[in-house]
Amino acid sequence: MNHRLGDHAVVLGAGMAGLAHAVPLAEHFDRVTLVERDPLPDRAKARRGVPQGQHIHLLVPGGLARLEALLPGVVDDLSGHGAELIGSPEWRFHMGGGRLALRGSDFRITGATRPLIEDVVRARVLALGGVEVLDGWTARELLTTDDRSRVTGVRLRSEADPADERTLEADLVADTTGRGSRSPRWLADLGYAPPAEERLKVDVHYTTRLFRRSPGDLGGSRNVLVDVPPDGRRGGVALAIEEGRWLVTLIGMLGERPPADLTGFTDYAAGLWNGDVHEVVSGGTPIGDAVRAAFPSFSRHRYDRLRRMPGRYLVAGDAVCSFDPRFGQGMTVAIIEALELRRVLEAHGLDRIGPRVLSSAQWAVQDAWDLAAGGDLAHPEVEGPRPPSWRLTTAYLQRLLPVAHHDPVVATAVIRVIGMLDRPQRLMRPQLLWHVLSGSRRNGHRTPSSDDAVGSRA
Ligand SMILES: Cc1cc2nc3c(=O)[nH]c(=O)nc-3n(C[C@H](O)[C@H](O)[C@H](O)COP(=O)(O)OP(=O)(O)OC[C@H]3O[C@@H](n4cnc5c(N)ncnc54)[C@H](O)[C@@H]3O)c2cc1C
């Protein structure tokens, strides 16, 4: 153990943020208890508390690399349990009206279900000394010192028997209970100002189906993205996952709902502006039924702007900010927050732990929010502020993406930003600007390549 900071830390919620945060806490506390409302399955299986887990869920390159930094050896564990690791030469990324020129690049993502990723990470975390999980218990209320300046524990209720309550004393409590976090209410009950909430209404609908995969499918490509164009509402992804399957998620925005029945699902895929997802759907043998989910809005709680928070308390993961999942950043941001927690614990111990971690992880939340919200706001129907800086960035991206369809330097730079390996400002560096400007001049005389395959917009 690194320098000891206390006896007991409690993490509320054993989703991806909770698991990731337990790692640095186990480095400084004798015991870490993960409190989880769901009874946890003993093998990779979808569960009620993570309804998004049945849809596309991948770790982007920056998330996979950081998960390895958090838990060395975990990438081999994932692969040993059947997760695919998919290199960028096997991707087909259709964005901005064409396919990104990813030849020569070398990035990896996971091809796995969310339950498998969570199962492997949970096994690693529970193997750390002093970490245990208390499942089937819901966090109901915070316990504090009499003057309410410091959190001292949490009150829990059993899911099996609501009359059964217990308290857990703790030197630190972390709220990682996801989108439904009660921290705003808990803070208000304790006399603290709750965080302001920024909400983006996008009315996103996902429908997902599994298909049997054959080695020759899509000429060996294993990851397909057909982006929702700014003048459309439909997109889709197909990802090679464990047990020789394709996971196909069809996406609708602004109220558009991809159908669940196989014929409707196939027709919807056929209507996408690029045919690759349809090729997977129409050529594959379906497995089981479709699952659907709706996400009316995504929101960000501005804990970073609070002037007062109780001591020994922190909030992280979707409890702080949930992003439009089309960009696949949520788990990666949660892992970055956990790495920042590790740095803060080593540098400052428990002093102002909550605000310090929020502030040092702020860059990741901001980048991911800007990227996802920026993409959403490109749809004229999405309501939200569009400041001059957003207009400038959007105009630049409209020039950059067509160049990324034939210039691997630009395509690689785009993937490094979307994949959270680089910060978005890297797209503005002079060398890249030169590529974009000279590339767009050439584009003016260019005929579409076979990669572009643009059909009708849905
Ligand atoms: C459709 C969809 C697709 C997505 N795809 C991706 C993707 O491809 N890549 C990616 O990185 N991210 C993706 N995300 C985002 C990702 O799911 C989240 O960002 C990530 O799971 C955040 O983890 P979390 O631990 O904060 O929340 P969650 O994973 O939601 O976990 C919260 C946990 O807290 C538990 N809980 C809730 N309340 C209580 C309570 N009171 N007491 C005890 N336990 C409680 C829940 O049961 C749950 O286990 C997607 C999201 C959606 C909606």
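Atoms within each ligand, like the ligands themselves, are counted from 1 in listed order.
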Any atoms of ligand 1 less than 4.0 Å from a non-hydrogen atom of [X]? List them with their elements.
X: G328; answer: 7 (C), 8 (O), 9 (N), 10 (C), 11 (O)
X: V35; answer: 43 (C), 44 (N)
X: A17; answer: 23 (O), 24 (P), 25 (O), 26 (O)
X: R47; answer: 47 (O), 48 (C), 49 (O)
X: A139; answer: 40 (C), 41 (N), 42 (N), 43 (C)
X: Y206; answer: 1 (C)
X: F295; answer: 1 (C), 53 (C)
X: G317; answer: 26 (O)

Based purely on interatomic distance, does [X] place a nitrogen or oxygen under 3.5 Å from a nitrogen or oxygen of ligand 1?
X: D318; result: yes
X: R182; result: no
X: A316; result: no
X: L58; result: yes
X: H57; result: yes
X: A14; result: no

Is [X] salt-bridged to [Y], cutoff N-O under 4.0 Å?
X: E198; Y: R302; value: yes
X: R326; Y: D227; value: yes
X: E36; Y: R122; value: no
X: E279; Y: R92; value: no
X: R234; Y: E256; value: yes

Tell me which protein heavy atom sits closest to [atom], plus the residue, atom name and distance to 0.1 Å.
atom: atom 27 (O) of ligand 1; value: G178 CA, 3.6 Å
atom: atom 3 (C) of ligand 1; value: P325 CB, 3.3 Å
atom: atom 39 (C) of ligand 1; value: T177 CG2, 3.5 Å
atom: atom 52 (C) of ligand 1; value: Q52 CB, 3.3 Å
atom: atom 31 (O) of ligand 1; value: G15 CA, 3.5 Å
atom: atom 21 (O) of ligand 1; value: R114 NH1, 2.6 Å

Can you confirm whether D289 is buried at CG, in the sense that more than 12 heavy atoms of other residues, nucleotides or ligands lie under 6.0 Å from that atom?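 Result for CG/D289: open.
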For residues [X] and [Y], determine if any side-chain heavy atom of one lies less than 4.5 Å from a side-chain heavy atom of the other.
X: F107; Y: L421; value: yes
X: M16; Y: I117; value: yes
X: E169; Y: H8; value: no

Among E118, M331, E141, closest by any non-hydrogen atom to atom 10 (C) of ligand 1: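 Nearest option to atom 10 (C) of ligand 1, by heavy atoms: M331.
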Which option out of R140, M16, R37, E36 puts a heavy atom nearest to atom 47 (O) of ligand 1?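 Looking at heavy atoms only, E36 sits closest to atom 47 (O) of ligand 1.
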Test item, [X] contacting ligand 1 (heavy atom, 4.0 angstrom):
X: W137; result: yes
X: R179; result: no
X: R48; result: no
X: T138; result: yes

Applying salt bridge (Lys or Arg N to Asp or Glu O under 4.0 Å), can you list everything that pairs with E132, at least two apart in sequence or on another chain?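 Here no residue qualifies.
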Does either side chain, that of T249 or that of H55, offer a donor lying less than 3.5 Å from an acceptor on the other one?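 T249 vs H55: no donor-acceptor pair found between side chains.
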Is there a donor-acceptor contact under 3.5 Å linking the side chains of D119 and H81?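 Their side chains do not contain a donor-acceptor pair, so the 3.5 Å distance test is not met.
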Value rounded to 0.5 Å, distance of CG in D276 from NE2 in H278: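 Spacing of CG (D276) from NE2 (H278) equals 11.5 Å.
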Got a sec, which pairs hit ring pair (Phe, Tyr, Trp, His ring centres under 6.0 Å) with one end in residues 313-335, sequence neighbours left out?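 Applying ring pair (Phe, Tyr, Trp, His ring centres under 6.0 Å) to every pair that reaches into residues 313-335, excluding sequence neighbours, yields nothing.
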Once you restrict to heavy atoms under 4.0 Å, what part of I56 touches ligand 1? Side chain, backbone, both or neither.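 The answer is the backbone of I56.
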Evaluate the ring planes of H301 and Y303, with Trp represented by its six-membered ring, and classify them as parallel (under 30°), tilted (30 to 60°) or perpendicular (over 60°).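 Ring orientation, 0 to 90° scale: tilted.
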Which atom of T176 lies closest to which atom of G13, heavy atoms considered: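 Smallest interatomic distance, heavy atoms only, reads OG1-O, 3.2 Å.
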